[in-house]
Chemist: 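Sending over a structure as C-alpha cells; questions will come in a sec.
The structure presented is a predicted model; accordingly, all values stated were derived computationally and were not measured. Order of appearance sets the numbers: ligands from 1, and atoms from 1 within every ligand. All residue numbers in this chain count up from 1 along the given sequence.
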Amino acid sequence: MSKPKVLLTRQWPAEAETRAKELFDVHLNEDDHKMSVEELQEAMKNYDVVCPTVSDFQINAEILNVEGRKCKALCNFGVGFNNIDTDAAKAAGVVVTNTPGVLTDCTADIAMTLLLMVARRAGEGERLVRSKEWDGWCPTHMLATKVTGKKLGFIGFGRIAQAVAQKAHFGFGMQLSFYDPYPPSDEVIEKFSATQLDSIEEVLRNADFVTLHVPGGGSNTNLMNTERFGMMKKSAFLINTARGDVVDEPALVKALKDGVIAGAGMDVFAKEPNVTEDLLSMENVVIFPHLGSATTETRVAMGMCSLDNAQAFFDGKEPPNRVA
Ligand code: DGY
C-alpha cells in the first residue's frame, strides 16, 4: 500500500525529518524557503497532510478552498496556531492539530531570560563590553532593577505561564498574581501561592513585571495598548513570549519613549521578522528572534508530536492534539 503524502513547509531537525521519511511519502523543503501562497495552494492539491509553521503565510480560505484540494489535515509544527484560520479549516472540513506540552519549559526559560536580562540591563552591558567602551567597575555603574522577591503578574495562566511561575516563584522568590478567564485548579494556584485577580487591569497595576501568555489573534490583538500601558507602574517591565500581535507595537514604543514603563523583553513581534527601528535602538528593550522553543530537544519533540498527530489521523483515530 502506498504511503500517505505529507509536506513539511519548512526544514525540520534531522531526527524528525528522518522519522517523517520512515512514516510517510514526505516532501521536505530542502532549501528551507518561505513557501508562496501559490505553493501552499498547490500543496493543498498534492498532499494528504500539510505540516505548516508560524512563519508561513496564514493558511486561510484562499488557500484551503483551492479547487481539487486533497489535503485533509494541517498538523502544525508549533503550539500557537494563529498561522491557520481555524474557522476556514473547520468550514472546509480540514482537521487542525498543534504541538502542546513539548515546548513549555524552553519557552518559560526564554521568558525568564528576557525578564532577567531587561531588569539587569544585561544586553546593554554586553554591548558595552564588546564596544570596548567599558572603563571599569564603580559603585554607580549600570545600576539596574532587582528581580528576587519582586511582583510578577501574568496575563493568562496556562501551561507555559505556570512553568514561568515555577521558575520565578521557587527560583527567585517572586510573588505571583494572574488573570485568566479559565483559571487552573485551586491546587495549582496554592502551589505557587499565586493571587488570582479579576481583571487584566488589576494585574497591570500591581506588578513589577508583566508577562503575557495568551494566544495571538482575535480579541487578543493589541491587548496591550496605550491605555493599558498607562496602568502599569513606571518602574515595571513587559515580557512577551506569546505572539507579537498581542502588543500594539507603536503604543509600546511610545510608552517606552515617554517613560510610562521601564522596559520590555520581547521574543515575538507583530510583523516578524521585521522589528521597528525604534525598538532596535532602545537600550531598555531586549529583543530575541522568536527563540522560545529553539532548543534541539524541543524542536525535535515538536516534529515528533506533529507526526504523531498525522499518524493518528491516517490511522482513523482522533489526533491527540486536535484544535479544530
Ligand atoms: C509555537 O510553538 O507557538 C512557537 O511560537 C513557534 O510557532
Side-chain angles (χ1 to χ4, degrees), residues 7-13 15-17 20 29 32-35 40 49-60 73-86 89 96-115 154-164 211-218 220-221 223-224 238-247 249 265-275 286-310 319-324:
L7 168 75
L8 315 187
T9 63
R10 298 300 298 261
Q11 204 166 73
W12 285 13
E15 210 180 315
E17 286 193 344
N29 183 345
D32 202 19
H33 68 284
K34 176 173 174 158
M35 291 191 169
L40 291 169
V49 163
V50 170
C51 300
T53 74
V54 64
S55 55
D56 295 331
F57 285 105
Q58 196 196 41
I59 304 209
N60 55 17
L74 299 167
C75 294
N76 198 45
F77 182 101
V79 66
F81 49 89
N82 57 325
N83 53 304
I84 299 168
D85 179 341
T86 48
V96 180
T97 65
N98 72 342
T99 62
V102 292
L103 44 75
T104 304
D105 268 315
C106 285
T107 306
D109 290 349
I110 283 292
M112 287 307 296
T113 307
L114 287 169
L115 188 157
F154 292 82
I155 312 294
F157 205 53
R159 222 179 341 240
I160 295 173
Q162 289 167 38
V164 175
T211 182
L212 304 176
H213 298 281
V214 295
N220 288 336
T221 299
L223 175 139
M224 284 306 298
L238 179 77
I239 308 300
N240 188 11
T241 52
R243 280 292 182 263
D245 73 295
V246 177
V247 174
E249 264 177 30
M266 324 264 295
D267 188 40
V268 285
F269 302 88
K271 293 195 173 67
E272 293 177 17
N274 302 320
V275 178
V286 176
I287 41 185
F288 289 166
H290 204 142
L291 292 180
S293 59
T295 61
T296 304
E297 296 90 332
T298 287
R299 290 282 166 85
V300 169
M302 287 165 76
M304 298 305 183
C305 184
S306 176
L307 296 175
D308 288 344
N309 285 318
N321 308 114
R322 184 169 177 174
V323 290

Chemist: Judging by distance only, is a nitrogen or oxygen of Arg243 under 3.5 angstrom from one on ligand 1?
Modeler: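 Such a contact does occur with ligand 1.
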Chemist: Specify the closest pair of heavy atoms between Val49 and Ala310, including all atoms of both residues, with the distance to one decimal.
Modeler: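 Minimum heavy-atom contact is CG1-CB, 4.3 Å.
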Chemist: Is any N or O atom of His290, backbone or side chain, closer than 3.5 Å to an N or O atom of ligand 1?
Modeler: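 The answer is yes, given that His290 and ligand 1 share an N or O pair closer than 3.5 Å.
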Chemist: Please check if atom CD in Glu15 has more than 12 non-hydrogen atoms from other residues, nucleotides or ligands closer than 6.0 Å.
Modeler: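 No.
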Chemist: Short list, please: which atoms of ligand 1 are under 4.0 Å from a heavy atom of Met302?
Modeler: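 Those of ligand 1 that fall under 4.0 Å from Met302 are 2 (O).
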Chemist: Taking all heavy atoms of Asn82 and all of Gly216, pick out the closest pair and write down the distance.
Modeler: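 Reported closest heavy-atom pair: CB-O, 4.2 Å.
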Chemist: Which atom pair, heavy atoms only, marks the closest approach of Cys106 to Thr298?
Modeler: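 Minimum heavy-atom contact is SG-OG1, 3.2 Å.
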Chemist: Nearest non-hydrogen contact with atom 7 (O) of ligand 1 belongs to which option: Val268, Thr241, Val54, Thr298?
Modeler: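 Answer by nearest heavy atom: Val54.
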Chemist: Residue-level breakdown please: for Leu103 versus ligand 1, do any non-hydrogen atoms fall below 4.0 Å on the side chain, on the backbone, on both, or on neither?
Modeler: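 Only the side chain of Leu103 comes within reach of ligand 1.
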Chemist: Under 4.0 Å from any heavy atom of Gly80, which atoms of ligand 1 are there?
Modeler: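 Reading through ligand 1 atom by atom, the close ones are 1 (C), 2 (O), 3 (O).
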Chemist: N/O of Val79 under 3.5 Å from N/O of ligand 1, yes or no?
Modeler: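 In this structure, Val79 places an N or O atom under 3.5 Å from an N or O of ligand 1.
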Chemist: Could you report the tightest heavy-atom contact between Trp12 and Glu17, atom names first, then the distance?
Modeler: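 For Trp12 versus Glu17, the nearest heavy atoms are N-OE2, 2.9 Å.
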Chemist: With no hydrogens and no angle check, do the side chains of Asp245 and Thr221 hold a donor and an acceptor under 3.5 Å apart?
Modeler: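 Yes, a side-chain donor-acceptor pair sits under 3.5 Å.
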